[in-house]
Amino acid sequence: MPIIETEKLTKEFKVFNRREGLLGAVYDLFSRRYHTVKAVHELDFTVEEGEMVGYIGANGAGKSTTIKMLTGILTPTSGKVMVNGYSPFKEREKCTRGIGVVFGQRSQLWWDIAVIESFKLLRRIYEVPEKAFRRRLADFTEILDLGPLLNLPVRKLSLGQRMRCELAAALLHNPPLLFLDEPTIGLDVLAKEKIRDFLKRINKEENTTILLTTHDLGDIEALCPRVAIIDHGRMIYDGTLESLLKRWGQKELEDIVKLIYQGYRPEGGDPGEHQQIPALPGINQA
Ligand SMILES: Nc1ncnc2c1ncn2[C@@H]1O[C@H](COP(=O)(O)OP(=O)(O)OP(=O)(O)O)[C@@H](O)[C@H]1O
C-alpha cells in the first residue's frame, strides 16, 4: 500500500478583492467581491514506503498547500487523500502519529524552555514509551551532535543548531513518513551537509519515507532519486531525476527548473495529465 496517495486532489481559496482607498473600503462594507485561486488542481500523486521524493515548484506553485492537505492542516476542496492509510483531515490524530514534520521557517519546539524539555513534552504527546524515547534520544544526540544543546532554551540556538533539534523532535516518535519544508534554508554548507547525511541515514536504516519541499536544488540532487514538479497547482512532471535531466538534454537541474519557472509548457499537452515534459525544442536529447 502506498504511504501517500492522492486522486484529483484540489484546493481552492476564495479571496476577497479589496477595493482601493477609503471610499473603496466603504464600498467593501456593503458589497464584497471575491475571486477563486486554484492553489492545487486535480493532483494525482503516489509515494511508496521508503522513497525520498523532492517536491518542487516556483513561489506560489502550490507546494505548501499540498503539504498542508497531506498533514491535515487544510481540508481539500475536492478529491481524495490518504496518508499512512488515514484521511489526514478526517482522522487527523491517527494520521499525525505516523508523520513527522519540519518547517524550516517555523519551530515545533517551545521557544523559552530547554530543548530536552521540549523533547520530553513531545514524548508525552506522542505517547512514546520511556525506553524507546531514551534509545532514540541517545542515537540522535550522537548522530546530530546534540549533547551541548539539550539544556539550552531554543531561543539561544543558532539556526543550524535549531534545525538539528527540529529534526530530532520530528523523529522521536519514529514516524514512517517525514515531511520537510525548506529544512536547510539559511544554513551554511557544513550544516547542510550534516542534515543531508542524517536524512540519508534515517532513510537507509529505518526506511523512513521523505517528502522534501525546497528551493535548494542541491538538497534535491543530494537526496531525491525522484522529483515531482508542480506549476500553477498542476503536477507537470513526476519521475526520476535522472530521466528529467536526460529528457531535457541538460546537465543541471537548475537549468531545467529555470526554464519551467519561466513558463515553458509541453507542446499541445495538458500538464494536468501528470505527464512528463518532453525535451525543449532546439535542445538535443541525451
Ligand atoms: N490561505 C490562503 N488564502 C488564499 N490564497 C492562498 C492561501 N494560501 C495559499 N494561497 C495561494 O495559493 C497559491 C499556492 O500557494 P502555496 O503557499 O501553496 O505556494 P508554494 O508553492 O508553497 O509557494 P512558496 O514557494 O512561495 O512557499 C498561491 O497563489 C497563494 O497565494
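Read the numbers this way: they start at 1 and go in the same order the structure lists the ligands and their atoms. This is a predicted model, so every value here is computed, not measured.
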Lys/Arg N to Asp/Glu carboxylate O, Asp216 vs Arg196, below 4.0 Å: yes
Lys192/Asp219 salt bridge by N-O under 4.0 Å criterion: no
Which residue holds the protein heavy atom closest to [atom], what is that atom called, and what is the gap in Å?
atom	value
atom 28 (C) of ligand 1	Gly60 O, 3.7 Å
atom 1 (N) of ligand 1	Phe13 CE2, 3.6 Å
atom 22 (O) of ligand 1	Ser64 OG, 2.7 Å
atom 26 (O) of ligand 1	Asn59 ND2, 2.9 Å
atom 18 (O) of ligand 1	Thr65 OG1, 2.5 Å

Please state whether [X] comes within less than 4.0 angstrom of ligand 1, counting heavy atoms only.
X	value
Lys68	no
Gly233	no
Gly62	yes

For ligand 1, the portion of Val15 having any non-hydrogen atom under 4.0 Å away: side chain
Short side-chain to backbone donor-acceptor contact, Glu91 and Ser87, under 3.5 Å: yes
Where ligand 1 meets His215 - atom numbers and elements under 4.0 angstrom, heavy-atom basis: 25 (O)
Minimum heavy-atom distance between His173 and Thr96, given as atom pair plus value: NE2-O, 4.0 Å
Arg19 side chain near Ser31 side chain, heavy-atom distance below 4.5 Å: yes
Side chains of Gln161 and Val115 in contact at under 4.5 Å (non-hydrogen atoms): no
For residues 70-77, which side-chain donor-acceptor pairs fall under 3.5 Å, sequence neighbours excluded?
residue : atom : partner : partner atom : Å
Thr71   : OG1  : Ile67   : O            : 2.7
Thr71   : OG1  : Lys68   : O            : 3.4
Thr77   : OG1  : Glu12   : N            : 2.7

N or O contact, Ala39 vs ligand 1, cut-off under 3.5 Å: no
Any N/O pair Val37/ligand 1 closer than 3.5 Å: no
Connected via hydrophobic side-chain network under 4.5 Å: Ile210 and Met82: no
Flag: protein heavy atom within less than 4.0 Å of atom 30 (C) of ligand 1: no
Heavy atoms of other groups near Arg33 CZ, more than 12 under 6.0 Å: no
